[in-house]
Asker: 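Before I ask anything, let me first share the structure, which is written out below as structure tokens.
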Amino acid sequence: MFMIRMDELNIYNKRVLIRVDFNVPMKQGKILSDTRILASLPTIKLALQKNAQVIIMSHLGRPCEGVYDDKFSLLPIVEYLKNKLIKYKIKLVKDYLGGIILNQGEIIVLENVRFNHGESKNDEVLARKYAALCDIFVMDAFGIAHRSHASTCGIARFADVSCIGGLFSNELNILSEVMKTPKRPLVVIVGGSKISTKFDLLNTLSKIADYVIVGGGIANTFLAIENKVGRSLYEPNFIGLAKQLLSKYNIQVPIDLRISTEYSENSVDIIKNRTDILGNEFILDFGDKTIQSLVLILKKANTILWNGPLGVYEFPNFRRGTEIIAHTIANSHAFSVAGGGDTLAAIDLFGIKDSISYISTGGGAFLQFIESQSLPIISIMKRHVK
Ligand code: ADP
Ligand code: MG
């Protein structure tokens with residue numbers, strides 16, 4: 001996978017435009033999780049150390065394209081950055097498409113790229129305007145790398161030099177290694193609610209995994225092969241594929257479940273055998289026997305790859321499966337890799353972030369790269385090298 005990395009280039013005094021992923025969860029102008037900002041810092045700091053003229057750009061949220069909206073301004077992130085890069089003057093610039101002035105020792109942050117018309121359609125005129133702002137474009141926004149936007153794929157085509165940053169290259173290296181040469185046994189966990197998107201992933205991962213643990217809506221779809229699943233989240237169109245996978249691979253279908261007749265925060269949980277689910281019931285988590293048997297499997301693992309909560313972890317009575325599995329992964333000697341928006345939220349909730357070997361900053365990009373070992377930006381970067 002040959003792509004130029006920023007650390008291989010001479011960037012002294014060059015205008016280096018770094019595309020980061022500052023798309024952090026925010027509430028009323030407050031940053032709820034700084035994980036993605038912290039992950040972007042090493043590349044920014046390296047560029048500064050090498051005396052490049054640093055320009056940063058990112059998206060934030062989903063504003064109406066083409067319209068400025070205070071609610072989605074990068075200002076709170078710029079304020080946050082000031083405390084992390086105290087030696088530098090950091091300026092947020094709103095109007096930049098016609099060009100910018102860069103003063104010595106100043107970092108420029110370009111306002112939310114999603115305020116620009118054509119950003120998500122990968123408009124060529126816009127991409128060329130971004131490219132004209134820099135000598136070198138650095139792609140370091142792994143979290144958005146599954147999308148072909150003007151500030152990712154577009155600019156990469158038109159900038160004089162395009163390369164990848166340290167975070168991006170780390171993500172690719174670690175995820176490829178886990179896929180190609182995992183230390184066995186490799187245990188893969190796929191849960192959550194995005195059933196149709198994740199079945200492709202499950203298909204790919206089942207081929208290489210020694211054990212596959214399914215949870216959430218994915219597990220319910222496997223349960224539906226032979227059992228009634230009541231009003232649970234599942235995907236009838238995927239039962240056929242689930243059946244095929246089950247006959248070929250080592251997939252652990254839960255034996256008992258926590259169910260409720262209501263889908264709500266305070267619903268009472270009852271444990272039932274998988275054969276006993278009634279028409280008005282929701283499966284919302286694993287039962288204790290299932291959790292115990294999965295813990296035994298995880299204790300044998302040397303590599304663990306985790307995407308997707310195992311139950312409705314947002315509801316206290318239905319988080320036990322996700323919580324115990326999360327702690328088992330955290331206490332394991334195995335090399336563990338986790339990715340996915342809700343997976344990370346669960347990891348944060350249980351306070352085990354520091355005990356996971358590698359946490360990917362990507363949700364959709366993490367899934368797409370694992371599934372296909374490719375991302376749109378990768379082929380553009382490769383072409384750009386020639
Ligand atoms: P990620 O963002 O980590 O890729 P997903 O977005 O696919 O994960 O799924 C996360 C969601 O799945 C959570 O909101 C959780 O409540 C939901 N979920 C998990 N198990 C169930 C279940 N049994 N029934 C309904 N929703 C579930
Ligand atoms: Mg999610």
Side-chain angles (χ1 to χ4, degrees), residues 23-25 32-33 35-36 62 142-144 146 175 188-202 205 213-224 227-236 238 242 253-267 269-272 274 277 280-287 290-291 294 304-326 329 336-350 352-353 356 359-371:
N23 186 30
V24 291
L32 296 181
S33 162
T35 308
R36 282 179 164 165
R62 286 171 196 248
F142 185 73
I144 190 78
H146 56 313
L175 299 182
V188 160
I189 307 170
V190 184
S193 56
K194 289 178 289 202
I195 308 173
S196 48
T197 11
K198 291 191 182 182
F199 254 90
D200 284 340
L201 172 82
L202 192 68
L205 289 176
I213 294 175
V214 285
I218 319 264
N220 295 345
T221 306
F222 278 91
L223 287 165
N227 308 277
K228 293 207 169 67
V229 293
R231 290 191 283 166
S232 307
L233 173 77
Y234 80 113
E235 189 61 73
F238 283 83
V253 182
I255 38 185
D256 62 342
L257 303 139
R258 278 192 161 70
I259 60 102
S260 178
T261 48
E262 268 175 81
Y263 179 88
S264 78
E265 176 105 39
N266 301 314
S267 336
D269 61 311
I270 303 165
I271 297 187
K272 280 199 164 184
R274 69 180 178 201
I277 312 297
N280 63 340
E281 293 172 339
F282 292 94
I283 300 169
L284 300 177
D285 195 7
F286 291 156
T290 301
I291 297 174
L294 297 178
I304 301 169
L305 183 61
W306 176 24
N307 168 260
L310 288 324
V312 183
Y313 72 99
E314 297 95 328
F315 299 169
N317 288 342
F318 301 95
R319 78 170 50 129
R320 203 179 160 80
T322 309
E323 187 163 14
I324 295 181
I325 299 284
I329 299 171
S336 51
V337 178
D342 286 279
T343 311
L344 298 205
I347 287 172
D348 270 344
L349 179 71
F350 306 138
I352 53 158
K353 202 156 112 184
I356 306 288
I359 294 186
S360 172
T361 55
F366 169 85
L367 295 177
Q368 187 172 329
F369 185 72
I370 286 198
E371 191 206 310

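Order of appearance sets the numbers: ligands from 1, and atoms from 1 within every ligand. As the structure is a prediction and not an experimental result, all values here were calculated from the model.
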Asker: Under a 3.5 Å threshold, I'd like every N/O contact between ligand 1 and protein atoms, with atom names and distance.
Answerer:
residue, atom, partner, partner atom, Å
ligand 1, 2 (O), Gly341, N, 3.4
ligand 1, 2 (O), Asp342, N, 2.9
ligand 1, 2 (O), Asp342, OD2, 3.1
ligand 1, 3 (O), Asp342, N, 3.3
ligand 1, 3 (O), Thr343, N, 2.9
ligand 1, 3 (O), Thr343, OG1, 2.5
ligand 1, 4 (O), Lys194, NZ, 3.3
ligand 1, 4 (O), Lys198, NZ, 2.9
ligand 1, 4 (O), Asn307, ND2, 3.3
ligand 1, 6 (O), Asp342, OD2, 3.2
ligand 1, 7 (O), Ser193, N, 3.1
ligand 1, 7 (O), Lys194, N, 3.2
ligand 1, 7 (O), Lys198, NZ, 2.8
ligand 1, 8 (O), Lys198, NZ, 3.3
ligand 1, 9 (O), Ser193, N, 2.9
ligand 1, 9 (O), Ser193, OG, 3.2
ligand 1, 12 (O), Ser193, N, 3.3
ligand 1, 12 (O), Ser193, OG, 3.4
ligand 1, 14 (O), Glu314, OE2, 2.5
ligand 1, 16 (O), Glu314, OE1, 2.6
ligand 1, 16 (O), Glu314, OE2, 3.3
ligand 1, 23 (N), Ile283, O, 3.0

Asker: Please examine the side chains of Phe369 and Ser360, heavy atoms only from C-beta on, and report whether any two atoms are closer than 4.5 Å.
Answerer: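 Side-chain contact under 4.5 Å: no.
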Asker: So, at under 2.8 Å, which protein N, O or S atoms would a careful student list around the Mg ion (ligand 2)?
Answerer: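 Per the 2.8 Å query on the Mg ion (ligand 2), atoms found are Asp342 OD2.
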Asker: Report the distance from atom CG of Leu294 to atom CD1 of Ile255, rounding to the nearest 0.5 Å.
Answerer: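 Spacing of CG (Leu294) from CD1 (Ile255) equals 8.0 Å.
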Asker: Calculate, to the nearest 0.5 Å, the distance between atoms CZ and CG belonging to Arg274 and Asn227 respectively.
Answerer: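 Answer for the CZ-CG pair, Arg274 versus Asn227, is 6.0 Å.
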Asker: Any non-hydrogen side-chain atom of Phe142 less than 4.5 Å from a side-chain atom of Leu175?
Answerer: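 Yes, close enough: below the 4.5 Å cut-off.
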Asker: Can you confirm whether Phe366 sits close enough to Val337 that some side-chain heavy atom of one is under 4.5 Å from a side-chain heavy atom of the other?
Answerer: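 They are in contact (side-chain heavy atoms under 4.5 Å apart), so the answer is yes.
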Asker: Mind checking whether Asn317 and Arg258 have side chains closer than 4.5 Å, heavy atoms only?
Answerer: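 A side-chain contact is absent here, since even the closest heavy-atom pair is not under 4.5 Å.
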Asker: Under the side-chain hydrogen bond (donor to acceptor under 3.5 Å, both in side chains) rule, collect the residues that match up with Asn220, sequence neighbours excluded.
Answerer: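 Asn220 satisfies side-chain hydrogen bond (donor to acceptor under 3.5 Å, both in side chains) with no residue once adjacent residues are dropped.
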Asker: Do Asp285 and Asp269 touch side chain to side chain, with heavy atoms closer than 4.5 Å?
Answerer: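 When only atoms from C-beta onward are counted, Asp269 and Asp285 do not touch, as no gap falls below 4.5 Å.
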Asker: For residues 306-316, run the donor-acceptor check on the side chains, cut-off 3.5 Å, and write out each pair with its distance to 0.1 Å, sequence neighbours left out.
Answerer:
residue, atom, partner, partner atom, Å
Trp306, NE1, Gly308, O, 2.8
Asn307, OD1, Lys198, NZ, 2.8
Asn307, ND2, Gly339, O, 2.9
Tyr313, OH, Asp342, OD1, 3.0

